[in-house]
Protein chains: 2
Amino acid sequence: MAEAYYLHVTDKLRDVLLTDDTAWVNDNGKLPAERELAQRFETTRVTLRQALAQLEGEGRIHRSNRRGWFVSPKRLEYDPTRDAGFNDYVRDQGRLPRTEVLSVSTSSHPPAAKALGLVADQTFYHIRRRRYVDERAVLVESLWVVPERAPGLLDERFDFSLWKLLREKWNLRLSHRSISMVSEALQGADARELGVAAGTAGLNICRTILDGDQRPVEYDEEHWLHDALSIRVELKQHR
Amino acid sequence: MAEAYYLHVTDKLRDVLLTDDTAWVNDNGKLPAERELAQRFETTRVTLRQALAQLEGEGRIHRSNRRGWFVSPKRLEYDPTRDAGFNDYVRDQGRLPRTEVLSVSTSSHPPAAKALGLVADQTFYHIRRRRYVDERAVLVESLWVVPERAPGLLDERFDFSLWKLLREKWNLRLSHRSISMVSEALQGADARELGVAAGTAGLNICRTILDGDQRPVEYDEEHWLHDALSIRVELKQHR
DNA sequence: TAGTGGTCTAGACCACTCT
DNA sequence: GAGTGGTCTAGACCACTAC
């Protein structure tokens, strides 16, 4: 086999995506319909979709609900060790941030308790948010905050920086204990809330946050679209 | 649509993978043939493969060449900010490491030069290696070392820790300047050398290394199988 | 050589979005 | 209501692996 035909289609599409040819990508960044593309390449939808899946894996295109395939915007550069708020670093990169609060409740969450070194049935304030860059939903996150650190927190608004709130209102000095990152396939509520198909590639980032006295404050679980971010950690020189 | 059938197949397979039922997974961790599985689920290979692709995205199974589908082993925990050698941290987790040197040469590499703040046509020692965990190839990497920092480096052996070599023979004190991580689809040589299909999900990790006097030493580009690792960064408390 | 995964065809119906 | 992506069928041939 010289080369699979779908790889040829992939290469051709990758090329045209780098141009702004309106024959291939309209003004909204949308590609032609799958049937249309299949015709142009004189193949079937199955084969054409293999090529699209490749480009999706490369983070070049993505699909939104059943609306079609779109060119993916530039990845957001994200340093999970920095405590700059989402809104700040998105704006710093010339993009438009937005945060939606999906739910607020009180509940236990054993993984959070374990990460923070608390008993498994520890009760947390649970805040769930969806965050957008340029009006594209790029992540959903769940925050579990230890109530003792921020009594009455749930009366606040959460569509801006939680860290700023904790610092200013509860005078907490926050720092990371650990961060873990693992690739995942977005499932269930995570996929639904991001408007993507179950199984879409994602990145799961979990952070454990302590205060200045090393007391547990918060556990944070983020589910990102894999093509929405590029992680970059700048390290201080030690020794 | 209540639920797509392939998602039902996915769920069922996910369940049996958690058991050690030899009706589904043989002693080598291999699943039955696709045609066999399709028959058991009374569906076609296309639909069955959708389910397998889901589980592959979740990092639960993977394919090796054309040999079939295998249960993926536990992810390796990896802290890219630590300077512990690959061999050390793999063994610390009770696994068996192995390193293969694929090529050694002298060449320029503009991305490395840029990251290290050198002129684009800077010449580097280029070392390419493939690394295994329990005899599964999990990453390929390219190292670009600034020759001035380690003259004569290419006469050494590279199947063990490069850092140890640089420390002991050239007396370099090494530290990270930056680390970047981005999801990718493994392509070309990277995919071939890992024995996976083009487009397989991967993780690209790039590191910039300086010496104690902040002089550029090395640029490191790693391509991992996405299901082979879990990144975990433990942070020192600052302030 | 037999069996496997990799690729591909030529259709079909459904659920959802858009207008 | 038209068009789209999502799902599915029932086959086929090829290249490669394992024996």
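Lettering of chains follows the sequences in order, A, B, ..., and the numbering in each one begins at 1. Remember, predicted model here, so these are calculated numbers, not experimental data.
- In this structure, CG of B:L52 is placed 16 Å from C1' of C:dT7, rounded to the nearest angstrom.
- For residues 9-28 of chain B, every residue pair satisfying the ring pair (Phe, Tyr, Trp, His ring centres under 6.0 Å) rule, not counting sequence neighbours, is listed here: B:W24-B:F41.
- Counting non-hydrogen atoms of neighbouring residues, nucleotides and ligands closer than 6.0 angstrom, the CG atom of B:D21 exceeds 12 such neighbours.
- The side chain of B:R67 places no N or O atom within less than 4.0 Å of a non-bridging phosphate oxygen (OP1 or OP2) of D:dC16.
- Considering only residues two or more places apart in sequence or on other chains, B:R207 meets the salt bridge (Lys or Arg N to Asp or Glu O under 4.0 Å) condition with B:D220, B:E222.
- Within the structure, ring pair (Phe, Tyr, Trp, His ring centres under 6.0 Å) contacts touching residues 85-108 of chain B (residues at least two apart or in different chains) are B:Y78-B:Y89, B:F86-B:Y89.
- Summarising the geometry, the separation between CG on A:L37 and P on D:dG6 is reported as 13 Å, rounded to the nearest angstrom.
- Every residue two or more places apart in sequence or in another chain that forms a salt bridge (Lys or Arg N to Asp or Glu O under 4.0 Å) with A:R95 is listed here: A:D134.
- Residue pairs meeting the ring pair (Phe, Tyr, Trp, His ring centres under 6.0 Å) criterion with at least one partner in residues 181-203 of chain A, sequence neighbours excluded, are absent.
- Atom C1' of nucleotide D:dG6 and atom CH2 of A:W69 are separated by 11 Å, given to the nearest angstrom.
- Positionally, the nearest nucleotide of DNA chain C for B:A197 lies more toward the 5' end than for the other of B:A197 and A:R35.
- Residue B:R49 is classed as a base contact, given a heavy-atom separation below 4.0 Å to a base.
- Rounded to whole Å, atom P of D:dG3 lies 13 Å from atom CD of A:Q39.
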Could you list all N or O pairs between the protein and nucleotides 8-11 of chain C that sit under 3.5 Å apart?
residue, atom, partner, partner atom, Å
C:dC8, OP1, A:Y5, N, 2.4
C:dC8, OP2, A:Y6, N, 3.2
C:dT9, OP2, A:T43, OG1, 2.6
C:dT9, OP2, A:T44, N, 3.4
C:dT9, OP2, A:T44, OG1, 3.2
C:dT9, OP2, A:T47, OG1, 3.0

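- Atom CD of B:Q54 and atom P of D:dG6 are 12 Å apart (whole Å).
- Checking side-chain atoms of A:S183 against main-chain N and O of B:H226 turns up a donor-acceptor pair under 3.5 Å.
- B:E36 has its CD atom 10 Å from the P atom of C:dG5, to the nearest Å.
- Near DNA chain D, meaning a heavy atom under 4.0 Å away, there are no residues from residues 25-32 of chain B.
- In this structure, the CD atom of A:E34 is 16 Å from the P atom of C:dT17, given to the nearest Å.
- Distance from the side chain of A:R66 is smallest to C:dC16 among C:dG6, C:dC16, C:dC13.
- Here B:R40 pairs with B:E36 under the salt bridge (Lys or Arg N to Asp or Glu O under 4.0 Å) rule; sequence neighbours left out.
- Not counting sequence neighbours, the partners of A:E193 by the salt bridge (Lys or Arg N to Asp or Glu O under 4.0 Å) test are A:R128.
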